[in-house]
Amino acid sequence: MMQVGRSRGRSGSEQLPQGERGWSLAFHAHRRLGPIMTAAVVLGALVPATAAASGYDPASDMSSMYNTTQYVGATAFWDAGYTGAGVDVALIDTGVSPVEGLTTAGRVINGPDLSFDSQNPSLQFLDTNGHGTFMAGLIAGKDDMLTTPYSAAPASAYRGIAPDARIVSLKVGVADGGVDVSQVIAAIDWVVEHRHDNGLNIRVLNLSYGTNSTQAYEVDPLAFAVEQAWKHGIFVVTATGNTGYVAKTGTLTNPAYDPKIFAVGASDSMGTATIDDDSVPAFSSTGSNDRSPDVVAPGTHLVGLRVPGSYVDQRFGDTGYVSDRFFRGSGTSAAAAVASGEAALVIQQRPSITPNQLKKLFLMTAQGLTGFSTRRAGAGVVDLRGTLTAPTYYAPAKWNTIAWSTGAGSLESARGSDHLTADGVVLSGEQDIFGHSFNAPAMAALEAAGSSWSGGTWNGSTWSGSSWSDSGWNGSTWSGSSWSGSSWSGSSWSDGSWSGIRWSGSSWSGSSWSGSSWSGSSWSGSSWSESGWSTGSWS
């Protein structure tokens, strides 16, 4: 799971060094290689291939996607003819890079790049962090060698939960994960307004991150934004967070703490093919009397697609590296991605299903976990084999008594304790990344009307996404001023640097970053704080 906040441009994996943070990504790289591990892990950094790693066998690894798709019952949907085809999943994350498994024509469409990388043409849309690509692969990865029937395809063919779904990528986080809540809200608003543009059919929204805000969801601007997506027929899946168990108060992040949407914690299969012995890992954030996770989904030791040379790969590969293609990690980020893929399968099967009906269906067909309360495991692990044949349930009437957010609260409070910094200046208060005043009630009114975006303008600034070209939206140069008073427009971003830190080479070449290294380990001397991740540090 990712958290928004501190150093500008950080959208990383789960744990980064202490300091300023943006959205924390709920994810960890693995401590060890091999089949199934018992320890939680984090996305890691690049290490050379070894003989053992190059001989990786997905068939013998219960946490490979070959086995995970069978474990959750996705193969039952595939065999019934439902593979996610025709369903678009919006992924608001760190971008998606063209690695094997995500290069099939039409597999990924780029929405606007709203990250700080957007002003550098060589970094636009690409995943300089590694988190977004990992999530995209879990949701809808598909090797060219994956042929029908998918359930009978060889284990060596990588497949996500919904291999024929399409990813609509909205990049908000840069290499070290920095991103502000205002960028995420803008991205959600864009998804709502453009969900049917140019043949799109965005029915699922994946948010593998959150903030540690304590502001009531009933007024929170971020909660309001995701609720508008829900009201417009988009099933919002969000990670609960990686801060573990706290009695009474719970540790669900914002927006997972909003009971209107779908919050997913992590489960551990314990290396077996049955749900009977599943557990909830210690890092998975838990609920309170007021709000618990809805379900849990596989989120430990999963093997996903690796972005060679990305920030996470460079920094944590010694713990997460599996092979030249794959990386191993754990976290509620991954669990949310699995659930998003599951949602795409059901929506293809039942095109008219509403978000409330889909939520109820998942709750009714989940298998409870022995020894784990609803605060920790929610209704349990969704078993798609039961979901496939279950009736579509009406949402209970009592759900109508749960308050919707007004969105009239504080943008600053939505950030929680995490803030971006630029040249030592902290982004705080009721202002967006351009330094423009954020009037929450006025913005909520525009969002409710589906008009917070006007062309490429949001909250008075020109961002990107105003025009369509080929398979994505054209970027535009930002105009306006940052909170520190210096210009964001044009030349201040054209060289690919920010506060003196830059990618070596700053361009994607084939399967690795030119230069394959990150100059420096943080933005503006700031880094992630420990509080947002499950173990306090990368494994």
Side-chain angles (χ1 to χ4, degrees), residues 1-29 42-45 91-97 113-118 123 126-136 169-184 187 206-212 239 241-243 253 307 309-316 320 327 329 331-334 336-337 415-422 427 433 498-499 501-503 513 518 520-534 536-538:
M1 154 142 196
M2 173 172 96
Q3 279 187 263
V4 188
R6 298 182 174 169
S7 114
R8 173 154 106 206
R10 174 162 288 132
S11 73
S13 304
E14 279 26 273
Q15 318 248 130
L16 296 176
Q18 186 163 2
E20 308 223 70
R21 180 188 347 159
W23 282 88
S24 317
L25 305 179
F27 211 69
H28 310 245
V42 211
L43 277 176
L91 177 66
I92 300 176
D93 213 288
T94 61
V96 177
S97 284
D113 185 338
L114 305 181
S115 75
F116 294 108
D117 281 345
S118 65
L123 298 180
L126 297 175
D127 184 9
T128 53
N129 175 271
H131 187 273
T133 302
F134 197 105
M135 299 305 131
S169 173
L170 284 89
K171 179 177 175 179
V172 293
V174 294
D176 64 348
V179 54
D180 185 60
V181 169
S182 59
Q183 292 165 279
V184 176
N206 186 89
L207 299 170
S208 286
Y209 42 74
T211 76
N212 62 0
N242 291 343
T243 50
T253 56
V307 182
S310 63
Y311 178 84
V312 160
D313 191 47
Q314 295 265 339
R315 192 173 177 87
F316 307 107
F327 212 91
T332 59
S333 280
R415 294 185 177 107
S417 62
D418 304 316
H419 295 75
L420 299 180
T421 61
L427 173 57
I433 61 169
W498 185 78
S499 291
I501 311 274
R502 75 179 65 212
W503 277 97
W513 291 97
W518 175 258
S521 60
S522 61
W523 293 93
S524 270
S526 301
S527 55
W528 294 83
S529 67
E530 296 180 346
S531 62
W533 302 109
S534 64
S537 63
W538 286 84

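Just so we're clear, the structure is a prediction, and the values are computed from it rather than from any experiment.
In this structure, the side chains of Phe116 and Leu420 come closer than 4.5 Å at one or more pairs of heavy atoms. Within the 4.5 Å cutoff, no side-chain heavy atoms of Thr421 are placed close to those of Leu427. Contact of the Leu170 side chain with the Leu91 side chain is not registered, since no non-hydrogen atoms from C-beta on lie closer than 4.5 Å.
The CZ atom of Arg415 sits 6.0 Å away from atom OG of Ser182, with the distance rounded to the nearest 0.5 Å. Interatomic distance, Ser169 OG to Ile92 CD1, rounded to the nearest 0.5 Å: 9.5 Å. Here the CE-CG distance, from Met135 to Asn206, works out to 8.0 Å after rounding to the nearest 0.5 Å.
Considering Val179, Val184, Thr332 in turn, Val184 is the only one that fulfils the side-chain contact (heavy atoms from CB on, under 4.5 Å) rule with Tyr209. Paired with Asp418 under the rule side-chain contact (heavy atoms from CB on, under 4.5 Å), one option of Thr211, Asp180, Asn212, Val181 passes, and it is Asn212.
A donor-acceptor distance shorter than 3.5 angstrom exists from the side chain of Thr128 to the backbone of Ala175, with no hydrogens or angles considered. Side chain of Asp127 to main chain of Gly130: a donor-acceptor pair is present (N/O by atom type, distance under 3.5 Å, no hydrogens or angles).
Side-chain polar atoms of Ser310 and Asn129 form no donor-acceptor pair below 3.5 angstrom. No hydrogens or angles considered: nothing links the side chains of His131 and Ser208 as a donor-acceptor pair under 3.5 Å.
Closest approach of Val172 and Gln183 over heavy atoms only: O-NE2, 3.7 Å. Ser333 and Ala239 get closest at one heavy-atom pair: N-CB, 3.9 Å. Minimum interatomic distance between Phe327 and Phe134 (heavy atoms only, all atoms of both residues): O-CE1, 3.3 Å.
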Can you check side chain to side chain donor-acceptor pair (under 3.5 Å) on Asp113 and Ser115, steps first, answer last?
CA-CA 6 Å; Asp113 185 338; Ser115 75; 2.6 Å; yes

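Between Asp93 and Lys171, none of the side-chain N atoms (NZ, or NE/NH1/NH2) sits under 4.0 Å from a carboxylate O, so this pair counts as no salt bridge.
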